[in-house]
Amino acid sequence: MASIAQRSDDVLRIAFAAGLRKELAETARWARDRGLPCREVDESELFRLAESTHHEGLCVVMRPRRWLSFGEFADALAENNGVAVALDRIRNPYNIGAILRSAAFFSVDGAILGALAPDPGLSSLATRVAEGGTEHLMLTRTTDLAETLGRLRGRGSTVVGADGRAPMTADRLSLGRPAILVMGNEREGLSDRVRRQCDYVVCIRGGGAVESLNVAVAAGILLHALQRNANHVA
């Protein structure tokens, strides 16, 4: 469990279904040694804790994840010569979680969540869909993604936007680091202000049977291309 492995000091309690008793024996011993509640509960309690039926029999209650400030995120991205993904008003927690999972899989350094005020958050559902991916990413958030991307460009980052109608395909892109891939809203795509902050806008060519890919699927393909091309240039 990535959350426990990466942020063990933030664990508050653990609840699990009877069917996981043997599998979680070592985790239960770890919790007892730390004086943390770790107990078997029924389905209704798991649903209450997870606020969903998609809990797979385990809930780990933790302190909220600390968001990095812009300065902390920008410094780390520059120092690591890294790659990040930015989400422009993406709302569906399943899409958010899947994008963050792909980002962690491809060793992306961090993610920027951009949405209108109040501050964009990361729901427990998105965290579960990410399957531990959030624990391997730097996270920051902003209510003005265009302004944040402009500041990152000013510090040397190359910004690449995704748009199904763009003339350039991702496999033609060659760039160095640090680099940021921006994925747009499920229905509206990139906002005009965010698009103006992109150094490049790229697409994924399909066969034409359907107009576009799901944003999370597209993000996985583009993150792989971005990492491969950035590694090649580096």
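Note that this is a predicted model, so its numbers are computed, not measured. Numbers here simply count residues along the sequence, with the first being 1.
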For R65 and T134, work out which heavy atoms get closest and say how close.
NH1-O, 2.6 Å
By the rule that ILVMFWY residues connect when side-chain heavy atoms come within less than 4.5 angstrom, directly or transitively, which residues belong alongside L149?
L68, F70, F73, L77, I112, M138, L145, L152, V159, I180, V182, L190, V194
Quick one: side chain to side chain contact (heavy atoms under 4.5 Å, CB included) partners of A31, sequence neighbours excluded?
I14, L36, C38
Other residues, nucleotides and ligands only: do more than 12 of their heavy atoms fall within 6.0 Å of CZ on R165?
no
Connected via hydrophobic side-chain network under 4.5 Å: V129 and V217:
no
Is the shortest side-chain heavy-atom distance between F106 and V85 below 4.5 Å?
no
Are F16 and I4 co-members of a hydrophobic cluster defined by side-chain heavy atoms under 4.5 Å apart?
yes
Are L139 and I90 co-members of a hydrophobic cluster defined by side-chain heavy atoms under 4.5 Å apart?
yes
Between E186 and N92, do the side chains contain a donor N or O and an acceptor N or O under 3.5 Å apart?
no
Decide if atom CD of E51 counts as having more than 12 heavy atoms of other residues, nucleotides or ligands within a radius under 6.0 Å.
no
Any carboxylate oxygen within less than 4.0 angstrom of a Lys/Arg side-chain nitrogen, looking at R63 and D9?
no
Would you mind listing every ring-ring contact (aromatic ring centres under 6.0 Å, His included) that reaches into residues 126-176, with sequence neighbours excluded?
none
Filter on side chain to side chain donor-acceptor pair (under 3.5 Å), then keep only pairs touching residues 36-45, sequence neighbours left out; what's left?
R21-E40, D42-S44, E43-H55, E45-R48
Could you please spell out the steps behind the side-chain contact (heavy atoms from CB on, under 4.5 Å) verdict for W30 and V11?
CA-CA 11 Å; W30 172 86; V11 177; 4.2 Å; yes
Using a distance-only test with no angle check, is there a side-chain donor-acceptor pair under 3.5 angstrom linking D171 and T169?
yes
Residues that A162 engages under side chain to side chain contact (heavy atoms under 4.5 Å, CB included), provided they are two or more places apart:
M183, L222
Nearest heavy-atom pair of L20 and G57: which atoms, and what distance?
CD1-O, 3.3 Å
Taking all non-hydrogen atoms of both residues into account, name the closest pair between P120 and A115 and its distance.
CB-CB, 3.6 Å
side-chain contact (heavy atoms from CB on, under 4.5 Å) between L223 and L181, worked out:
CA-CA 7 Å; L223 284 170; L181 171 68; 3.7 Å; yes
Should F105 and V83 be regarded as members of a common hydrophobic cluster, given that ILVMFWY residues are connected when their side-chain heavy atoms come within less than 4.5 Å of each other, either directly or indirectly?
yes
Does R66 pair with D10 as a salt bridge, N-O distance under 4.0 Å?
no
By the salt bridge (Lys or Arg N to Asp or Glu O under 4.0 Å) test, which pairs, at least two apart or in different chains, include something from residues 84-106?
R89-E188
